[in-house]
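Accompanying notes for the structure given below.
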Amino acid sequence: MGLAFALAMLGTIVVQFSLTYTQMTSFEFRRSGQVLKGEMKLLLAMPPEHLEYVIRERATDDLRRVVNEAGIFTASHQPVAGELRSWPEGLVADGKLHNIVMEPEEGSPYTLRFLAAATPDGHIVVLGRSLHVLDEQKLMLRHASLVTLVPIVFFALLAGTWLSHRALTRVKEMHEAVDLIRQGDIHERLPAGTQQDELQRLAGSVNRMLDRLEQLMRDMRSVGDDIAHDLRTPLARVRVGLERALSGPQALSAETLRGVIERAIGNLDQCFSIITALLRLTEIDNSKGRAAFARIDLTTLVYDIVDLYEPIAESEGIEFQTLCPESKISVSGDRDLLIEMLGNLVDNAVKFTPSGGRVRISVSMTGHHPFIAVEDTGIGIQPDERQAVLSRFYRSDKSRHIPGSGLGLSLVASILRLHNAELKILDAQPGLPEKGVCFLVVFPASDYV
């Protein structure tokens with residue numbers, strides 16, 4: 001990383017040098033051209049006698065400062081006046097600028113910019129300007145670049161080495177934390193640090209993943225305990241009933257045997273319902289695809305559930321109400337799963353509402369979010385239990401006398417997670433949790449059509 005940083009700095013210097021070098025050359029060429037053309041315009045405007053005098057005597061006036069070589073030639077390139085005594089090889093009297101390399105008898109060759117133009121009397125005026133200023137500037141630029149190159153590269157190597165060491169130190173700390181986690185310390189987390197960079201964001205994402213995994217492991221442990229507890233009770237009742245039947249009188253009546261068998265079947269059915277619900281939860285939690293998703297009309301969904309549960313509610317003496325809009329409210333989802341979700345909520349409402357109570361199902365909008373509300377006048381849920389009832393096998397003390405496995409709301413929560421929907425548990429009558437509960441299912445705004 002340090003070497004790469006130094007190479008990047010070196011590349012920057014090369015690019016800067018090249019751009020400066022090119023701009024400097026372009027500027028000097030443009031300036032020398034403007035000077036020669038300006039002087040040529042002034043000279044051509046003079047009378048021939050005065051022009052010859054100026055060229056001959058230019059060493060004593062300001063012309064010498066801007067023009068390094070000047071001369072007047074005949075049309076056949078014979079010198080007439082000025083210190084330029086020979087026609088530059090390759091020069092054309094076309095009024096355009098020409099770069100010509102001059103080779104003196106002594107010394108190194110040098111480049112002059114020449115401009116040649118014809119006068120009204122048939123002579124040719126030749127002006128030349130040296131590029132020695134540009135050569136000096138280029139030399140200074142090269143020297144400055146070479147002088148600054150060493151400290152800049154040295155500084156780049158130091159900075160790159162420091163940055164790479166700093167990054168590798170953080171990576172080493174992360175590796176050490178990962179080794180501890182791999183060895184079984186699930187409470188260990190990657191060091192996030194205070195830097196707002198990609199490593200911090202990566203560490204944050206991994207830590208959130210570890211938090212989720214730790215929570216899942218806790219849930220698995222508690223689920224194992226809960227399964228053992230919830231299956232043990234009905235299985236124990238089956239065993240006790242069968243033992244009593246065996247240890248009782250030798251000749252049991254058919255009615256007695258029938259009762260023992262019915263109770264055993266009921267307890268085994270409870271075991272099967274728990275196992276089925278757990279398998280269904282696993283199936284939903286492991287589902288990653290949404291191939292079965294389609295547009296679902298919530299009103300039609302509610303009426304299907306009403307047709308199923310209204311006779312049950314009437315048999316229990318519970319009033320059943322529906323509040324659905326005339327306009328269509330649809331969401332994207334799996335119809336079978338949403339039927340299962342709503343059926344669990346309505347089944348809970350009917351199960352925990354005493355005779356003479358009321359269950360109401362409504363469909364509407366809150367902002368841009370479609371929602372379904374299932375409200376009852378049953379035993380309610382206390383605020384401190386509203387998160388716990390969504391976990392598997394949880395049952396409050398006041399509901400333990402009612403048959404159930406404690407998995408219904410867990411199934412609802414899993415289905416809603418798959419649909420990116422939210423389940424809110426509210427009081428049916430605000431401030432009075434013992435007067436009933438309202439389950440509010442809020443769907444994403446993007447699902448609404």
Side-chain angles (χ1 to χ4, degrees), residues 212 215-216 218-219 222-223 226 230 277 280-281 284-285 298 301-302 305-306 309 313 318-324 329 331 333 337-354 357-445 447-448:
R212 177 62 178 161
Q215 179 63 40
L216 290 175
R218 286 198 298 265
D219 291 344
S222 63
V223 165
D226 292 335
D230 281 65
R280 185 61 175 151
L281 279 169
I284 294 173
D285 288 338
L298 295 183
L301 197 73
V302 168
I305 291 295
V306 169
Y309 281 93
I318 298 172
E319 181 184 358
F320 219 77
Q321 297 179 354
T322 57
L323 296 175
C324 298
I329 298 179
V331 298
L337 291 180
L338 291 180
I339 284 283
E340 189 172 357
M341 176 274 299
L342 188 56
N344 273 283
L345 292 179
V346 174
D347 184 70
N348 270 0
V350 172
K351 187 187 300 182
F352 293 107
T353 299
R358 183 190 72 248
V359 174
R360 177 186 296 165
I361 309 176
S362 57
V363 176
S364 186
M365 298 286 298
T366 171
H368 296 289
H369 296 267
F371 72 84
I372 299 177
V374 179
E375 180 182 342
D376 63 54
T377 57
I379 61 177
I381 300 176
Q382 295 298 320
D384 57 351
E385 291 184 308
R386 289 175 183 173
Q387 188 61 37
V389 294
L390 300 179
S391 59
R392 300 179 182 183
F393 296 108
Y394 180 85
R395 305 193 71 193
S396 62
D397 293 335
K398 59 183 179 181
S399 65
R400 290 191 178 275
H401 64 283
I402 300 175
S405 62
L407 293 171
L409 291 180
S410 298
L411 189 62
V412 169
S414 294
I415 294 173
L416 293 182
R417 273 197 302 270
L418 183 63
H419 288 76
N420 294 324
E422 181 182 4
L423 177 63
K424 297 181 179 180
I425 304 177
L426 310 172
D427 293 332
Q429 299 182 29
L432 298 173
E434 67 279 359
K435 296 294 184 180
V437 65
C438 175
F439 290 96
L440 188 65
V441 178
V442 183
F443 292 90
D447 281 353
Y448 171 62

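The structure presented is a predicted model; accordingly, all values stated were derived computationally and were not measured. Residue numbers run from 1 in the order of the sequence given.
- Contact detail for E340 and L411: the closest heavy-atom pair is OE2-CD2, 3.1 Å.
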M341 and V441: CA distance, side-chain angles, deciding distance, side chain to side chain contact (heavy atoms under 4.5 Å, CB included) verdict: CA-CA 10 Å; M341 176 274 299; V441 178; 4.1 Å; yes
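- In this structure, CG in L416 is found 11.5 Å from CZ in F439, a value given to the nearest 0.5 Å.
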Steps toward side chain to side chain contact (heavy atoms under 4.5 Å, CB included) verdict (F443, L298): CA-CA 11 Å; F443 292 90; L298 295 183; 4.1 Å; yes
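- With rounding to the nearest 0.5 angstrom, the CD1 atom of I329 is 9.5 Å from the CD1 atom of I372.
- Summarising the geometry, atom CD belonging to Q429 is positioned 8.5 Å from atom CD belonging to E434; distances are rounded to the nearest 0.5 Å.
- Side-chain N or O atoms of H369 include none that pairs as donor or acceptor with a backbone N or O of M365 at under 3.5 Å.
- Sorted by first then second residue, the salt bridge (Lys or Arg N to Asp or Glu O under 4.0 Å) pairs that include residues 361-371, not counting sequence neighbours, number zero.
- Counting only distance, with no hydrogens or angles, the side chain of D376 and the backbone of V437 share a donor-acceptor pair below 3.5 Å.
- Checked against side chain to side chain contact (heavy atoms under 4.5 Å, CB included), N348 has the following partners two or more places apart in sequence or in another chain: K351, F352, L409.
- I415 and L337 make their closest contact through CD1-O, 3.4 Å (heavy atoms, listed as atom of the first residue, atom of the second, distance).
- For P354, there are no side chain to side chain contact (heavy atoms under 4.5 Å, CB included) partners two or more places apart in sequence or in a different chain.
- Separating the CG atom in D427 from the CD atom in Q382 is a distance of 8.5 Å, to the nearest 0.5 Å.
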F371 vs V363, side chain to side chain contact (heavy atoms under 4.5 Å, CB included): CA-CA, chis, key distance, verdict: CA-CA 6 Å; F371 72 84; V363 176; over 6 Å; no
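- For the salt bridge (Lys or Arg N to Asp or Glu O under 4.0 Å) condition, the pairs that include at least one residue of residues 361-375, sequence neighbours left out, are R358-E375.
- Of all non-hydrogen atoms in I361 and V302, the two that sit nearest each other are CG2-CG1, 3.7 Å.
- Considering all non-hydrogen atoms of both residues, A373 and L440 come closest at CB-CD1, 3.8 Å.
- Taking OG1 of T377 as the start and CD1 of I318 as the end, the distance is 7.5 Å to the nearest 0.5 Å.
- Applying the side chain to side chain donor-acceptor pair (under 3.5 Å) criterion to N344, with sequence neighbours excluded, gives no partner residue.
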Worked check of side chain to side chain contact (heavy atoms under 4.5 Å, CB included) between H419 and L338: CA-CA 9 Å; H419 288 76; L338 291 180; 3.8 Å; yes
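- Shown here for Y309 and G343, the closest heavy-atom pair between the two residues is OH-O, 3.3 Å.
- Nearest heavy-atom pair, P444 versus P370, reported as atom, atom and distance to 0.1 Å: O-CD, 3.8 Å.
- How far CD1 of I425 is from CD1 of I381: 5.0 Å, rounded to the nearest 0.5 Å.
- Under the rule for a salt bridge (Lys or Arg N to Asp or Glu O under 4.0 Å), R360 has no partner lying at least two apart in sequence or in another chain.
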